[in-house]
Amino acid sequence: MENPTQHLTPEEQFQARIDADVRIEPKDWMPDAYRKTLIRQISQHAHSELVGMLPEGNWITRAPSLKRKSILLSKVQDEAGHGLYLYSAAETLGTTRDQMLADLHSGKAKYSSIFNYPTLSWADMGCVGWLVDGAAILNQVPLCRTSYGPYARAMVRVCKEESFHQRQGFEIMQTLCEGAESQKAMAQEALNRWWWPTLMMFGPKDEDSPNTAQSMNWRIKRFTNDELRQKFVDMMVPQAEFLGLTVPDEKVQWNEARQAYDYGEVNWDEFWAVVKGNGLCNRDRLGARVKAHEEGAWVREAAMAHAAKRAERELVAA
Amino acid sequence: MQDDMQFASTENPALATYTPAVRQQLFQFVLQLADTSLILGHRLSEWCGHGPILEQDLAMANIALDLLGETRSLYQYAAQLEGQGRTEDDLAYLRSATEYRNPLLVEQPNGDFADTVVRQFLFDNFHYHFLKQLLTNADERLAAIAEKSLKEATYHLKWSSEWIIRLGDGTDESRRRVEKSITELWRFSGELTTPTALEKSLQAMGLIPEYEDVQASMTAHAERVLTEATLAIPQQIFMLTGGKDGRHTEHLGYILTELQYMQRTFPGLTW
Amino acid sequence: MNQSEWPLWEVFIRSKQGLDHKHVGSLHAADAAMAIQNARDVYTRRQEGISIWVVESKHVHASNPDDAEAFFDPANDKVYRHPTFYQVPDSIKHM
């Protein structure tokens, strides 16, 4: 039988497979640009999990009850796991974790800017779970069907485990909102600080996002930034209302014609400033990661040296 | 998800047979165990996000989570023994440093990875062998808690023992560091098996195990591990004690300041 | 790059008795014993498994996707390997 794809270039055959929703696997041929874009996207995602451990991690020791302490620790631990799944997925594309970490530490690779905002009160643990994880899930669920097999499989695992993260955040907020005046005020204050930075998590406006079209073609991105941002607002405004909290945007209003909420303009100057390293915590976050990596070097070397000695002894014994 | 807090609701039938004085003593001892797991779990949780490699970040968080789970079972039982309506959180968050009964070892700072591994090894070696004895020689409820914790402690001891071996028999630097940590921390290990007046009294009643067997098993295991690590066991060390009687190093105050911050700042609220 | 990067291991987990070990992902470890422990800490935090296999990634040999047609297409036309290829009279039961 005549193979209809045999006259196509490798690029065209590749695109035909993607269009037919066939997953690409590590040893399959792929365009260099696809490989590079994926490495950048997956490692950036992995770095976000890794750096994302820090703002919540610093409240583990201050959590207000033993139950909350256990939940928060297991959540931050999950983030380490998710980082690990994602680094592994990126490694199937021919890079190494060491290389990716070197790029993170030198500032060449990015991570989600949201983690450059400080966590100042216990209600921030609620907001990070409810809003930040809520935004992340919107991004991540479609990626379970992304075209690159190892990435899609990692995301399936991540999404399965993430489901409790948002709920525990919402539960923290709900407990605060049903509690004393001081607790409700704490919740509102945190929402005021986290609302806009969370909207920025979806990235620049579509017209300022030149790579979106190619990424959507390759199915490594399944919705545009603005589509996801709108979904997020539509999902969160009613939840804030349920909690009795006010979203800090006077322009938020239901638009009957669009069947969606209108909302105000994100402060893009702030967005770009934080992306370029000028957020409140950029230096602290990166500094903490570099310190952990450098101070861990002798531990990693010791384990390798011991493994080598042991392997040699086993060889002699055999 | 299975609720690991299964001990909370059921009353221990043996409780009815204890005199108020015995009950009070047992309460103090269970508090001591709970404080110990909490403070060590707290210390380990400080590593979260700062470990030498992601895989070990996950491992240390798992150990911390096990210890926190054990802490909660123990405080809940302590609250029951006391019978004053206090909760696990009251006991953890509203007692001062001098009321805390954990041994000095577990409040020592994380230091570098070698310090953490040695502290963990010294504790795990005690914890594992103590829990084994607790299974058969103790108050019924304590034995039940021990049964669950023993499975976890078995894994902890494996983890810390293997790291002692890797660091001792690794590079020159890791050996130097782990030797320094051993010198620094070994002097806190004696307290673990030196019975206080409270412990002696409970041992005499058969409510908790004697420490001789525990100590013998600990010594045997430590010798085995340190030999494989090509490290020497410190001899003739002056052992520091006092934590189990509420006389702590200065570190504990800082731990509690952080741990209790929310409950002290916003008294009486639900989180 | 740094010589001390721990090697990569592939992890396979048996989720319950009677099922095959299934590939779940990979991780870094200095040796096999550590790889098994890391796999336990990374991949079974929610009781996902009862047994773990690890194999250093460099020891996994894979078929080449370019050979896929030669390897797998020939099985395409051997319909007689499938039970539905055969007609069994209605009166014959249990076959």
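Reminder, nothing fancy here: chain letters follow the sequence lines and each chain counts from 1.
Between the OH atom of B:Y261 and the CH2 atom of A:W122 there is a distance of 12.0 Å, given to the nearest 0.5 Å. Rounding to the nearest 0.5 Å gives a distance of 4.0 Å between NZ of A:K309 and CG of B:D169. For the atom pair OG (A:S65) and CE (B:M262), the distance works out to 10.0 Å, reported to the nearest 0.5 Å. Atoms CG and CG, from B:L65 and A:L73 in turn, are 4.0 Å apart once rounded to the nearest 0.5 Å. Atom NE2 of A:H306 sits about 9.5 Å away from atom CG of B:L167, to the nearest 0.5 Å. Within the model, atoms CD of A:Q77 and CG of B:N62 stand 4.5 Å from one another, a figure rounded to the nearest 0.5 Å.
Contact annotation for A:L176: only side-chain heavy atoms (C-beta onward) come within less than 4.5 Å of a heavy atom of chain B. A:E295 does not touch chain B: none of its heavy atoms, backbone or side chain, sits under 4.5 Å away. The contact between B:R177 and chain A is made entirely by side chain atoms (from C-beta outward), counting heavy-atom distances below 4.5 Å. Of the two parts of A:R68, only the side chain, counted from C-beta on, holds a non-hydrogen atom closer than 4.5 Å to a non-hydrogen atom of chain B. Proximity to chain B is limited to the side chain of A:Q183, based on heavy atoms less than 4.5 angstrom apart. In this structure, chain B has no heavy atom under 4.5 Å from any part of A:I172. Contacts of A:L84 with chain B are made by both backbone and side-chain atoms, with heavy-atom separations under 4.5 Å. Of the atoms belonging to B:A64, heavy atoms from both backbone and side chain fall under 4.5 Å from chain A. Within the 4.5 angstrom heavy-atom criterion, no atom of A:A307 approaches chain B. With a threshold of 4.5 angstrom between heavy atoms, A:S74 approaches chain B through its backbone and through its side chain. Both the backbone and the side chain of B:F113 come within contact range of chain A, judged by heavy atoms closer than 4.5 Å.
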Exercise for the section: For side chain to side chain contact (heavy atoms under 4.5 Å, CB included), just list the numbers for B:D89 and A:K67, CA-CA rounded to whole Å, side-chain angles, deciding distance to a tenth of an Å, and then say yes or no. Expected result: CA-CA 9 Å; B:D89 287 334; A:K67 181 180 141 201; 5.9 Å; no

Exercise for the section: Give the C-alpha distance, both sets of side-chain angles, the deciding distance and a yes or no for side chain to side chain contact (heavy atoms under 4.5 Å, CB included) between B:S45 and A:V76. Expected result: CA-CA 10 Å; B:S45 77; A:V76 181; over 6 Å; no

Practice task
Applying side chain to side chain contact (heavy atoms under 4.5 Å, CB included), run through A:I60 and B:W47 and close with a yes or a no.
Solution key: CA-CA 10 Å; A:I60 293 170; B:W47 271 104; over 6 Å; no

Practice task
With side chain to side chain contact (heavy atoms under 4.5 Å, CB included) as the test, would you mind laying out the steps for B:L54 and A:Y87 before giving the verdict?
Solution key: CA-CA 10 Å; B:L54 263 180; A:Y87 283 125; 3.8 Å; yes

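Side-chain contact between B:T171 and A:M304: absent, with no pair of heavy atoms (C-beta onward) separated by less than 4.5 Å. Contact check for B:D57 versus A:M53: side-chain heavy atoms found under the 4.5 Å cut-off. In this structure the side chain of A:M186 reaches within 4.5 angstrom of the side chain of B:F266, judged on heavy atoms. In this structure, the side chains of A:K69 and B:H42 come closer than 4.5 Å at one or more pairs of heavy atoms. Considering only heavy atoms from C-beta on, A:E301 stays 4.5 Å or farther from B:S174 through its side chain. In this structure, A:R97 and B:I53 have side chains that are in contact, with non-hydrogen atoms separated by less than 4.5 Å.
In this structure, B:E55 does not pair ionically with A:R300, as no charged nitrogen and carboxylate oxygen lie closer than 4.0 Å.
The minimum heavy-atom distance linking B:W271 with A:T175 is given by the pair C-CG2, 3.4 Å. Closest approach of B:G49 to A:R289, counting heavy atoms only: O-NH1, 2.6 Å. Here the closest heavy-atom approach between residue B:L58 and residue A:A80 is recorded as CG-CB, 4.0 Å. Closest non-hydrogen pair, A:S70 versus B:L68, comes out as OG-CB, 3.9 Å.
A side-chain N or O of A:T61 and one of B:E258 form a donor-acceptor pair less than 3.5 Å apart.
For the set A:G57, A:A305, A:P64, the entry with the most heavy-atom pairs within less than 4.5 Å of chain B is A:P64. For the set B:I165, B:D172, B:T265, B:I255, the count of heavy-atom pairs under 4.5 angstrom toward chain A peaks at B:I165.
In B:E184, the CD atom is not crowded: 12 or fewer heavy atoms of neighbouring residues, nucleotides or ligands sit closer than 6.0 Å. With a 6.0 Å radius and a threshold of 12 heavy atoms from other residues, nucleotides or ligands, B:K180 has its NZ atom at or below the threshold. Around CZ of A:R283, the count of heavy atoms belonging to other residues, nucleotides or ligands within 6.0 Å does not exceed 12.
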